[in-house]
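To start, the structure under review is shown below, and the notes come after it.
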Amino acid sequence: MALTKEQIAQRIAKELKDGYYVNLGIGIPTLVANYIPAGIHVELQSENGLLGMGPFPFEGEEDPDLINAGKQTITTLPGSVFFDSAMSFGMIRAGKVDLTVLGAMEVSDEGDIANWKIPGKMVKGMGGAMDLVASAKNIIVAMMHTNPKGESKLLPQCTLPLTGKRCVKKIVSDLAVLDVTPDGFKLLERAPGVSVQEIVTKTAGRLIVEGAIPEMQF
Amino acid sequence: MNKVVASADAAIHDIQDGATLMLGGFGLCGIPENCITALVKKGIKQLTCISNNAGVDDFGIGLMLQQKQVKKMISSYVGENAEFERKLLSGELEVELIPQGTLATRCMAAGYGMPAVYTPAGVGTEVAEGKEVRNFNGKDYLLEYAFDADYAIVKAWKGDKMGNLIFKDTARNFNPLMAMAGKITIAEVEELVEPGQLHPNEIHTPGIYVHRIFQGTNYEKRIEQKTVRKRI
C-alpha cells in the first residue's frame, strides 16, 4: 500500500535528531511536526521570523500577529524567539538550520528540484524555497512519487523551472525512501506492500536498486 | 524632535504617481492597514510596490490592485491572491518574483548603506538570468542590488514621537528592514508614546530611520489561515 501523506510525514520524522533546528515547508512537511519521536527535542524554524514554533492555538486564543510561513495561526514555546526576515534567512544562508523538509513538483536524479512555477498555469512565487535549497545542509523532499496524471516526479531532468540545482539529498515519497547519489536515485526502503518493480516502473530518472530492499518501519 | 503626523492621509500626502513603495508585512500579518486605505483613497497610480506578498483579493495590497494602482509588484509569493495571479498570467501587471531571503537582504543592504550583496539563492535558475555570478570558496553566488525605494511604509506595535519602533511577534517580518531602506520612511503604530516610555534595550528600529509616525486606528488584523487545536 502506498503511504498516506500522514505516513510520509511519520517516516520523515524518523530522520530527526535531538538538537536539530528544522525548517518544515508547507503541505506534507508541516505534518512532520506531529510525529516528532519521544525523547527528541527539535526547534522548528518558521522563516517569517520565529524559532521555537509551537502547536496551533486553542480556539479563541489565536493571535493575528503570530503566524507561521504558511500564514497559519500558531503559538510559541518556552525559549521561542522572534526576529526579522533578514536574520531569518541569514541563519538559513549561514547553514545554521540542520534540516529542511519541503515539497516538490519534480526532482531530478542529480538532485535538482522544481516546486515554484508551472509556466502559463501557476505562478505563485518561490517564497523562501530558493533560499532554503541553496543553503540547507540537508534537504529532504516529501512528495507523491507520481503526479495526478500518473507520471513520475522523479526524472532524469526537471521539465519545470528550477528552484535549485543539485541540492536534494533524500526523497520520501508515498512509495519509497531514496537517497540522491552521484549515480542517481538509490532505493533504500519501500512502502509496506509496494514492490520494487512498481517503484522501478514509476521512477523515470536513473535508479539504483542493490540487494533486498527492506520495507519502511514506523 | 517630533515626527508625528496627524493621520495616514497626512503621512502619505506627497506620494505621487509612479513612486516606488516598500510595504511591510508577511501575508496579512503586520501590514500598514491605515496607509493602504489612505493610498487607495488618494488614488495614485503607476506604483511599483516592493512587498513580500500582494495581500488577498479584498484586503491589504489586494485593495490597491483592485483599483489598478499598481504597475509593478516585486514580491516572493503571491499565491493567496487569485486576482493577482490572473493579472500576472494575462500580462496586465508587471511582476518580479524574487526569493524571499533575497528580498529581505536587498532591503537590509539599502538600510546598511551597501550597494549590493552576494547570495546563493537562485543560482542555476531563471532568477539568475542576466545577473553576475561569482564563485567564493567553491560555491556560486548571485550579485543582487540594494533596493532603491522612494518610500517605506511600515507597521509597528509601539512607537514614540522620535520614531523609535517596537514590533510584535511575527508581525516584525520585513517591517524593520524596510523601515531602514526608504528615502522617506512612514511608520504607523498601534500605540504612540512619549520619548522615554520605550526602553532603549527593547527598541527594534532606531528613530533615525523613521521620518513620519502616527497612531493608526481600527486595525482589522485579518487572519488568513485560522488554525486551532481542540482542548483535551
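Chain A is the first sequence line, chain B the second, and so forth, proteins listed ahead of strands; every chain is numbered from 1.
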(message) Using heavy-atom distances under 4.5 Å, tell me whether B/Val95 contacts chain A through its side chain, its backbone, both, or neither.
(response) neither
(request) Please say whether more than 12 non-hydrogen atoms of neighbouring residues, nucleotides or ligands are located less than 6.0 Å from NZ in A/Lys137. (result) yes
(message) Between A/Lys165, A/Lys71, A/Glu59, who has the most heavy-atom pairs with chain B when the cutoff is under 4.5 Å?
(response) A/Lys71
(request) Against chain B, work out which of A/Ala129, A/Gly90, A/Ala69 has the most heavy-atom pairs shorter than 4.5 Å and name it. (result) A/Ala69
(message) Working to the nearest 0.5 angstrom, can you tell me the gap between A/Asp84 CG and B/Met178 CE?
(response) 11.0 Å
(message) In the structure I gave you, are the side-chain heavy atoms of A/Trp116 and B/Leu97 within less than 4.5 Å of one another anywhere?
(response) yes
(request) Measure A/Phe56 against the heavy atoms of chain B and call it side chain, backbone, both or neither at under 4.5 Å. (result) both
(request) Go through the atoms of A/Glu47 and report whether side chain, backbone, both or neither lie under 4.5 Å from a heavy atom of chain B. (result) both
(request) Take A/Ser85 and B/Asn52, measure what side chain to side chain contact (heavy atoms under 4.5 Å, CB included) needs, and give me the verdict at the end. (result) CA-CA 10 Å; A/Ser85 300; B/Asn52 189 55; over 6 Å; no
(request) Pull out the residues in residues 68-77 of chain B that come under 4.5 Å of chain A, heavy atom to heavy atom, sorted by number. (result) B/Ser76, B/Tyr77
(message) Which atoms of A/Ser80 are under 4.5 Å from chain B, going by heavy atoms: the side chain, the backbone, both sets, or neither?
(response) neither
(message) Testing the basics here: between A/Asp65 and B/Asp169, what is the closest heavy-atom pair and its distance to 0.1 Å?
(response) O-CB, 3.2 Å
(request) Measure distances from A/Ala114 to the heavy atoms of chain B and classify the residue's part below 4.5 Å as side chain, backbone, both or neither. (result) neither
(request) Could you pull out the closest heavy-atom pair between A/Gly128 and B/Gln100, with the gap in Å? (result) N-NE2, 3.4 Å
(message) For B/Leu28, which atoms come within 4.5 Å of any heavy atom of chain A: side chain, backbone, both, or neither?
(response) neither
(request) Report, as yes or no, whether the 6.0 Å neighbourhood of atom CG on B/Leu143 holds more than 12 heavy atoms from other residues, nucleotides or ligands. (result) yes
(message) Can you pull out every side chain to side chain donor-acceptor pair (under 3.5 Å) where at least one residue sits in residues 29-38 of chain A? Sequence neighbours excluded, please.
(response) A/Glu6-A/Tyr35
(request) Specify which of A/Arg166, A/Met87, A/Lys117 makes the most heavy-atom pairs with chain B at under 4.5 Å. (result) A/Lys117
(message) Minimum heavy-atom separation for B/Phe26 and A/Asn68, please, with both atom names.
(response) CE2-O, 4.0 Å
(request) Between chain A and each of B/Leu103, B/Val123, B/Asp140, B/Thr119, count heavy-atom pairs under 4.5 Å; write down the option with the most. (result) B/Thr119
(request) Among A/Ile67, A/Leu50, A/Val81, A/Thr75, single out the residue with the greatest number of heavy-atom pairs under 4.5 Å to chain B. (result) A/Ile67
(message) For B/Arg86, I'd like to know if atom CZ has over 12 heavy atoms of other residues, nucleotides or ligands within 6.0 Å.
(response) yes
(message) Out of B/Gln225, B/Lys230, B/Glu224, return the one with the most heavy atom pairs under 4.5 angstrom to chain A.
(response) B/Gln225
(message) Let's test your reading of the structure: which of B/Cys29, B/Gly101, B/Gly27 forms the most heavy-atom pairs below 4.5 Å with chain A?
(response) B/Gly101
(message) To check you understand the geometry: which heavy-atom pair defines the closest contact between B/Gly124 and A/Leu162, and what is its length?
(response) O-CD1, 3.8 Å
(request) Measure B/Glu96 against the heavy atoms of chain A and call it side chain, backbone, both or neither at under 4.5 Å. (result) neither
(message) Under 4.5 Å from any heavy atom of chain A, what part of B/Asn53 do you find: side chain, backbone, both or neither?
(response) side chain
(request) Test A/Glu61 against every option in B/Arg231, B/Arg229, B/Lys226 by the salt bridge (charged side-chain N to carboxylate O under 4.0 Å, His left out) rule and name the one that passes. (result) B/Arg231
(request) Determine the option with the most heavy-atom pairs under 4.5 angstrom with chain A, choosing from B/Pro99, B/Ala54, B/Ala171. (result) B/Pro99
(message) Main chain of B/Thr102, side chain of A/Asp131: is a donor-acceptor contact present, judged purely on distance under 3.5 Å?
(response) yes
(request) Measure the CE-CD1 distance between A/Met126 and B/Ile98 for me, rounded to the nearest 0.5 Å. (result) 8.0 Å
(request) Could you tell me whether the side chain of B/Thr125 and the main chain of A/Gly164 form a donor-acceptor pair under 3.5 Å? (result) no
